[in-house]
Amino acid sequence: MCLAIPARIIEIDPATDIAQVSLGGVRKEISLALVNDAQVGDYVLIHVGYALNKLSEEEAEQTLALIREMGLLEATEEEGATPGGQA
Amino acid sequence: MCLAIPARIIEIDPATDIAQVSLGGVRKEISLALVNDAQVGDYVLIHVGYALNKLSEEEAEQTLALIREMGLLEATEEEGATPGGQA
Amino acid sequence: MKYVDEFRDQKLARQLAGAIAAEANPGRQYRLMEFCGGHTHAIFRYGVQHLMPPNLRFIHGPGCPVCVLPMARIDQAMAMALEHEVRLCTYGDLMRVPASGRRSLLKAKAEGADIRMVYSTQDVLRIARESPDRQVVFFAIGFETTTPPTAVAIKTARAEGMTNLSFFCNHVLTPSALRTILATAGPDGVQLDGILGPSHVSTLIGSRPYAFVPEEFQTPVVIAGFEPLDVMQATLMLVRQLNEERCEVENQYRRAVTEEGNLKAQALMAEVFKTREQFEWRGLGFLPRSALALADTYADLDAEQRFPVDIGEPKEVKGCECPAILRGVKQPTDCKLFGTLCTPENPMGSCMVSSEGACAAYWSYGRHRAPAPQAQAL
Amino acid sequence: MKYVDEFRDQKLARQLAGAIAAEANPGRQYRLMEFCGGHTHAIFRYGVQHLMPPNLRFIHGPGCPVCVLPMARIDQAMAMALEHEVRLCTYGDLMRVPASGRRSLLKAKAEGADIRMVYSTQDVLRIARESPDRQVVFFAIGFETTTPPTAVAIKTARAEGMTNLSFFCNHVLTPSALRTILATAGPDGVQLDGILGPSHVSTLIGSRPYAFVPEEFQTPVVIAGFEPLDVMQATLMLVRQLNEERCEVENQYRRAVTEEGNLKAQALMAEVFKTREQFEWRGLGFLPRSALALADTYADLDAEQRFPVDIGEPKEVKGCECPAILRGVKQPTDCKLFGTLCTPENPMGSCMVSSEGACAAYWSYGRHRAPAPQAQAL
Amino acid sequence: MTQNRRFPVRLDLKQGTVDMSHGSGGRAMAQLITELFHRYLDNALLAQGNDQALFSPPPGRLVMSTDGHVISPLFFPGGNIGSLAVHGTLNDVAMAGARPLYLAAAFILEEGFPLADLARIVESMADTANQCGVPVVTGDTKVVERGKGDGVFITTTGVGVVPEGIHISGDLAQPGDAVLVSGQIGDHGVAILSKRENLGFETEILSDSAALHELVADMVAAVPEIHCLRDPTRGGVATTLNELAHQSGVGMQIREEAIPVRPEVMAACELLGLDPLYVANEGKLIAICPGDSAERLLAVMRAHPKGKDAAIIGEVVEDGLNFIQMETRFGGSRVVDWLAGEQLPRIC
Amino acid sequence: MTQNRRFPVRLDLKQGTVDMSHGSGGRAMAQLITELFHRYLDNALLAQGNDQALFSPPPGRLVMSTDGHVISPLFFPGGNIGSLAVHGTLNDVAMAGARPLYLAAAFILEEGFPLADLARIVESMADTANQCGVPVVTGDTKVVERGKGDGVFITTTGVGVVPEGIHISGDLAQPGDAVLVSGQIGDHGVAILSKRENLGFETEILSDSAALHELVADMVAAVPEIHCLRDPTRGGVATTLNELAHQSGVGMQIREEAIPVRPEVMAACELLGLDPLYVANEGKLIAICPGDSAERLLAVMRAHPKGKDAAIIGEVVEDGLNFIQMETRFGGSRVVDWLAGEQLPRIC
Ligand code: SF4
Ligand code: SF4
Ligand SMILES: [Mg+2]
Ligand SMILES: [Mg+2]
Ligand SMILES: [Mg+2]
Ligand SMILES: [Mg+2]
Ligand SMILES: [Mg+2]
Ligand SMILES: [Mg+2]
Ligand SMILES: [Mg+2]
Ligand SMILES: [Mg+2]
Ligand SMILES: [Mg+2]
Ligand SMILES: [Mg+2]
């Protein structure tokens with residue numbers, strides 16, 4: 001549930017707590033009312049026009065690294081495994 | 001001023017004082033609030049959806065008779081007179 | 001159509017024309033004012049002027065309720081619709097009347113004002129009943145003919161306890177205007193030899209209110225119907241009065257007009273309205289005791305009180321001769337704007353709007369001044 | 001798109017699929033409930049199920065706010081719009097949800113109800129400011145993700161002293177539903193070996209509220225993001241917990257979810273809302289302390305109090321298996337109406353509306369059951 | 001489970017209403033098109049389901065004409081917006097002397113419009129098109145939000161082919177030409193007004209809405225030298241005559257007495273303060289032809305049921321002002337001007 | 001006094017607004033047509049002022065297509081309703097492989113609409129028609145009351161001629177055929193959404209609104225064996241592929257990775273919960289041709305500026321269920337269904 005997408009803050013109006021975020025060339029106005037200390041350059045998770053939370057770059061990289069590691073381990077063991085389909 | 005046209009009463013609803021009048025095959029609903037003792041068959045002068053007054057058949061005929069008489073008198077005296085135009 | 005077709009008979013018209021030509025004294029002028037726009041309309045629509053001798057001229061009077069409504073009242077109605085966001089009900093005739101700044105109710109409607117055209121005050125009542133949450137104002141205009149239907153609506157609104165309907169009253173009184181015309185006539189104003197008296201107004205008020213005309217102004221009056229034969233017969237009656245040096249109120253329109261008029265309607269008007277101390281008439285200025293307002297007992301239904309508006313000084317179009325035309329001292333063709341900047345599509349003055357307005361009538365029916373071919377055939 | 005594209009990588013997916021297949025013990029079943037519709041959507045949209053070994057099955061949970069909204073609440077909102085003539089603002093997702101008598105907000109709008117789709121509670125505030133004469137109601141739905149934006153709007157309405165805006169609150173609490181699912185699981189209900197925990201809800205509430213799952217129900221939880229690699233990694237993490245007979249709350253979605261969640265948003269929710277004693281969830285019945293209402297200090301902004309409506313007993317469509325599907329005990333294909341009378345154009349149940357609903361996801365992405373050609377190529 | 005019936009639940013043509021999804025381009029729209037439009041307007045070209053129709057016209061010059069139809073009320077005595085949308089465009093095609101071949105129809109539907117009404121309208125369009133032998137071969141459907149439309153608007157476009165030797169255009173009237181009208185005027189406008197609730201009048205008058213292409217075919221076959229044809233729709237006979245006079249740079253002299261008007265139409269106009277010369281027609285035409293062909297043309301027109309009350313109403317004259325002058329029934333003369341603004345019911 | 005200037009006071013194209021008299025059939029309407037429509041759309045056929053246009057088409061089969069245009073906002077990045085109304089219909093004509101010849105345009109104006117906006121729209125229509133070499137030769141204007149329209153609706157109808165040897169129709173796709181798209185998808189829909197006030201997003205994306213008849217002319221000249229052409233407008237590529245599959249009784253297998261989508265369009269869709277496959281295009285086409293002509297067709301398309309980003313996106317397969325199956329970028333497979341209802345911004 002709860003469609004949300006990460007976008008980068010490119011501008012903040014401190015008076016209104018409204019920010020401009022950018023996502024793949026699209027700019028959108030969102031409210032920062034739900035997050036503290038968001039800065040220009042931060043990535044925030046956008047949901048119904050609000051930033052829900054900041055994203056952690058570090059954690060994202062660690063997750064990706066872990067995924068690569070989990071996959072690689074396997075890839076060496078069972079190259080080309082083809083699990084059967086089930087809908 | 002005051003577009004008004006004579007029409008014949010063909011139906012009266014005494015409860016609402018609303019009548020149906022007929023004029024050349026057209027039926028129209030009008031109010032009788034402004035006239036007393038209008039009867040089915042009477043001709044009334046219709047203005048903005050109200051009967052203003054009853055018409056007197058007798059007077060109408062006398063007027064027409066008078067017009068004919070005025071004209072005829074003349075016709076015998078100066079047959080074919082053609083007054084000049086002026087806009 | 002009974003009582004209509006008989007009074008449009010071509011043969012009788014030709015005979016009456018002959019009689020008028022024969023009886024009119026070539027040695028004098030017959031300057032007859034048709035008070036009503038209805039007469040003006042008939043004269044133009046049926047080409048009655050063509051049938052008259054050259055020394056008999058119709059002078060168009062101020063008897064068109066649309067034409068005599070001052071611009072300020074349109075501005076006021078527009079302000080009610082736009083500022084107070086009322087639902088303004090009005091007769092179709094008013095939609096195109098110019099207001100200040102070349103605006104009109106038609107344009108205000110296009111811009112979003114809630115303006116409804118009605119055909120009858122019965123519609124006004126229906127609209128108000130159907131939209132109880134909405135303030136509805138009836139923009140009431142007209143002479144004594146159109147006034148009693150407004151009175152019925154006011155009484156009904158009171159009887160039904162409607163709180164969302166009020167009345168912007170612009171009803172005016174014919175005799176008062178007639179008096180002003182006559183009082184200013186003479187060497188400096190319009191010169192009048194006789195009056196074709198109101199048709200449907202007289203149906204309501206009767207023929208008695210015109211007694212002052214011969215008495216005070218030594219001018220004969222013939223109350224005339226609106227059909228072309230009515231106009232012609234009444235013209236002949238005026239010619240005869242003038243030739244015989246009589247000066248009285250005669251009634252050509254006997255089939256609809258009595259001496260006392262419609263007493264029921266008169267009582268209704270007396271109950272619901274009071275006479276204003278003065279009221280502005282376009283062209284005639286502020287005339288004393290010439291218009292109606294809601295009586296004190298009905299003042300709560302008065303839209304002017306319920307929805308006060310502040311309008312600036314209305315801006316008349318420069319060059320528009322409506323005022324002089326309404327007083328009978330000028331003709332449409334005397335106006336520089338006639339047919340150039342002022343046409344029925346782009347009326348500059350109210351006289352170009354109503355088909356009873358002298359300018360509109362002249363434009364629609366009289367513009368082409370070459371002698372009509374059939375005039376020769378008569 | 002940063003943080004998006006990386007987590008949709010095909011090559012890594014293939015590798016993760018290989019790892020899952022390798023690590024999954026062929027001798028046992030892995031019945032994993034993805035709580036969230038977001039997971040359901042990702043599983044179908046990206047064909048994740050195709051990449052799993054046959055003994056690993058995803059069971060679709062109740063985590064779609066549209067799907068769990070009982071019909072009575074839609075009926076109630078429609079009645080507010082139609083009887084009280086309020087301007088009803090709602091997220092687009094709700095427009096096509098079936099209400100009693102095969103009606104919906106979309107149809108009510110077509111019939112003249114004043115219903116506005118909004119994308120954000122910021123729009124709701126704007127609409128209310130722009131139409132001060134009109135009562136505006138926000139039909140608020142959603143889990144803890146969507147709740148804080150409603151809280152912001154409520155506080156703003158109060159701060160600005162708006163008298164024309166109120167809130168029809170249908171916000172529900174995730175942990176409560178999770179508890180019900182787990183409490184009814186077992187031989188007679190759904191059989192679950194592990195839980196893919198909520199993604200964006202957890203962003204707000206943190207990972208701590210799930211501690212009860214392993215403690216009370218001996219079921220492992222892995223909080224998972226909504227991108228397909230997130231789902232696959234979390235699946236592998238669950239497989240490992242099960243293989244290793246661990247049972248704990250793990251957090252795969254570390255880039256957005258912390259232990260404590262968003263404290264500012266939590267404080268805001270605590271201020272503005274109170275927990276309802278009970279609330280009906282479609283399919284799950286009345287669950288204690290599972291939803292929010294406006295706190296007493298904001299009760300004057302509660303649309304349920306401002307616009308009371310009287311609706312009849314809502315009429316569920318006969319044969320619709322949404323309730324069982326939402327509890328995880330049936331699949332869309334078990335419903336006789338699926339694909340015959342019930343399609344996304346003519347949804348009979350809410351699960352066919354939202355793209356997160358199991359029936360809609362199944363219809364859009366899973367309907368064609370022949371093995372996809374590229375499944376062979378993997 | 002999965003199965004091939006395209007629309008499992010049929011469109012509810014009794015209780016259903018148009019909603020936004022019917023204009024979305026998706027399956028709801030496809031269903032509306034299949035189960036309503038194609039069902040009634042059934043023909044091979046339309047059934048192909050392409051976004052355009054392909055046909056081989058007979059050789060010759062083609063005409064194309066388009067008209068939006070926005071009438072209120074949608075159903076009126078003698079027709080509805082569907083039949084009107086067929087007649088109106090066929091007539092504009094026919095007024096070039098052409099034989100109409102094909103029609104296109106574009107619908108703009110307002111959210112909330114009852115499907116039952118839409119079905120009645122489309123069925124009547126189909127019947128009318130059938131009777132006229134001119135199929136609706138391509139179409140389009142859009143849906144607008146409530147309050148941004150008025151039930152249904154239908155824009156029809158027609159193409160037709162002009163027989164050789166026929167040269168008809170509004171700028172070809174010449175002094176000495178005769179002016180004819182094909183029948184009683186004002187019926188359509190009065191029929192519409194009689195359904196406006198607030199005017200509260202009743203008549204037996206039906207709209208004259210009708211297709212004139214067969215009448216025109218007879219006319220151009222017998223009198224190929226016709227100069228102008230036009231249907232006096234909005235603005236009525238008065239406006240059409242002014243248009244033609246202006247286009248051709250001529251004046252006209254007409255006779256009120258010669259213009260056929262039903263007594264009921266005349267009466268309704270008297271009641272409302274309207275002039276029948278400005279009231280709309282939807283099944284009449286004005287024809288202008290050389291003066292010495294006029295009696296022949298009149299005879300051909302009168303021989304056709306849709307021209308049985310045809311009349312010669314005047315003649316074209318030289319006039320730099322392009323005035324239409326009319327000898328009144330009363331014997332006077334007046335200018336018959338263009339309509340200014342709308343013709344509204346009046347009190348004075 | 002009396003004089004011959006037809007409209008003494010010029011239309012106020014700066015401050016003026018449409019009012020009911022502009023649709024009355026009277027002189028106010030004549031003035032609007034003369035001073036606005038004819039002024040911009042200036043061409044000999046229109047200038048004749050008849051209710052229809054007369055022309056001699058080249059020999060061959062004709063196509064006719066009509067489309068109502070009801071877009072909001074009326075002005076959007078990359079165009080307006082006027083340019084769109086020209087492109088939309090030209091494209092539907094071109095999708096038969098035809099060369100468009102003439103356009104008809106019917107306007108439905110809402111009372112109160114600014115004449116300045118109308119002039120901008122009509123001017124842009126005229127420019128577009130000029131650039132395309134396809135004049136608007138006949139038209140119609142109606143005015144509806146405020147609250148019964150939405151500024152302006154424009155229905156355009158086009159006719160065109162199909163070169164010999166070309167047989168293109170939605171029912172001709174065959175298993176083994178290739179499916180091509182002429183460029184990046186979703187631009188128009190996203191450009192429109194970006195102007196919806198409440199969505200509050202901004203992009204540099206312009207509508208792709210464009211006329212495709214020249215691209216089509218190159219395509220059919222080089223590859224006359226093309227089976228289907230269709231512009232994926234409302235409902236987007238997904239809906240158009242479903243339509244074609246259904247009409248031809250086939251299925252299709254497409255590859256997500258092959259479908260060109262701008263990153264901004266993708267991002268806007270992610271933000272709003274939309275799928276670019278369902279987003280409208282106004283300057284793109286889908287082409288289906290025999291598999292062994294596909295590379296040749298692709299080369300021709302890429303050689304034309306309006307097809308420079310063309311791509312082969314899949315192939316036609318046998319499928320009794322007429323499903324469009326897509327291999328996802330992620331490596332999975334899904335059915336790409338018709339759009340159900342409208343595609344609305346979503347929260348979940
Ligand atoms: S022509 Fe026009 S401007 Fe001149 S007096 Fe008449 S209404 Fe006024
Ligand atoms: S297919 Fe439809 S009716 Fe069946 S369970 Fe799903 S939503 Fe309910
Ligand atoms: Mg036309
Ligand atoms: Mg027409
Ligand atoms: Mg025509
Ligand atoms: Mg179309
Ligand atoms: Mg409407
Ligand atoms: Mg089309
Ligand atoms: Mg199209
Ligand atoms: Mg198309
Ligand atoms: Mg037309
Ligand atoms: Mg509007």
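Naming: A, B, ... by sequence-line order, numbering from 1 per chain.
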Novice: Based on non-hydrogen pairs under 4.5 Å, which of D:K2, D:K155, D:E6 is most in contact with chain A?
Specialist: D:K2
Novice: Which atom names give the shortest non-hydrogen contact between D:K264 and A:D17, and what distance separates them?
Specialist: NZ-OD2, 4.4 Å
Novice: Salt bridge or not for A:E57 and D:R255, using N-O below 4.0 Å?
Specialist: no
Novice: When heavy-atom pairs shorter than 4.5 Å are enumerated against chain D, which of A:A7, A:G24, A:S31, A:S56 gives the highest number?
Specialist: A:S56
Novice: Take A:L3 and D:F226, measure what side chain to side chain contact (heavy atoms under 4.5 Å, CB included) needs, and give me the verdict at the end.
Specialist: CA-CA 9 Å; A:L3 206 87; D:F226 280 158; over 6 Å; no
Novice: Please round to the nearest 0.5 Å and tell me the distance separating atom CZ of A:R68 and atom CG of D:L12.
Specialist: 6.0 Å
Novice: D:E227 versus chain A, heavy atoms under 4.5 Å apart: side chain, backbone, both or neither?
Specialist: neither
Novice: Considering only heavy atoms, which portion of D:Y91 lies under 4.5 Å from any heavy atom of chain A: side chain, backbone, both, or neither?
Specialist: side chain
Novice: Can you measure from CG (D:L16) to CE (A:M70) and round to the nearest 0.5 angstrom?
Specialist: 7.0 Å
Novice: How many angstroms lie between atom NE2 of D:H200 and atom CG of A:L52, to the nearest 0.5 angstrom?
Specialist: 7.5 Å
Novice: Taking the side chain as C-beta and beyond, is there a heavy-atom pair between D:Y253 and A:T63 under 4.5 Å?
Specialist: no
Novice: Check this for me, if you would: do A:E59 and D:R254 make a salt bridge, where the nitrogen-to-carboxylate-oxygen distance has to be below 4.0 angstrom?
Specialist: yes
Novice: Heavy atom to heavy atom, less than 4.5 Å: which residues from residues 34-43 of chain A reach chain D?
Specialist: A:L34, A:V35, A:N36, A:Y43
Novice: Just how far is it from atom NZ of A:K54 to atom OG1 of D:T203, taken to the nearest 0.5 Å?
Specialist: 14.0 Å
Novice: Need one label for D:L229: side chain, backbone, both or neither, based on atoms under 4.5 Å from any heavy atom in chain A.
Specialist: both
Novice: Would you mind checking which part of A:L55 comes under 4.5 Å of any heavy atom in chain D, side chain (CB onward), backbone (N, CA, C, O), both or neither?
Specialist: both
Novice: Rounded to the nearest 0.5 Å, what separates atom CD in A:E29 from atom OG in D:S120?
Specialist: 9.5 Å
Novice: Atom CZ of A:R8 and atom OH of D:Y3: how far apart are they, to the nearest 0.5 Å?
Specialist: 10.5 Å
Novice: Taking side chain as everything from C-beta outward and backbone as N, CA, C, O, which of these in A:I5 sits under 4.5 Å from a heavy atom of chain D? Side chain, backbone, both or neither.
Specialist: side chain
Novice: Side chains of A:Y50 and D:T121 only: does a donor on one sit below 3.5 Å from an acceptor on the other?
Specialist: yes
Novice: For D:N262 and A:N53, indicate whether the former's side chain and the latter's backbone hold a donor-acceptor pair under 3.5 Å.
Specialist: no
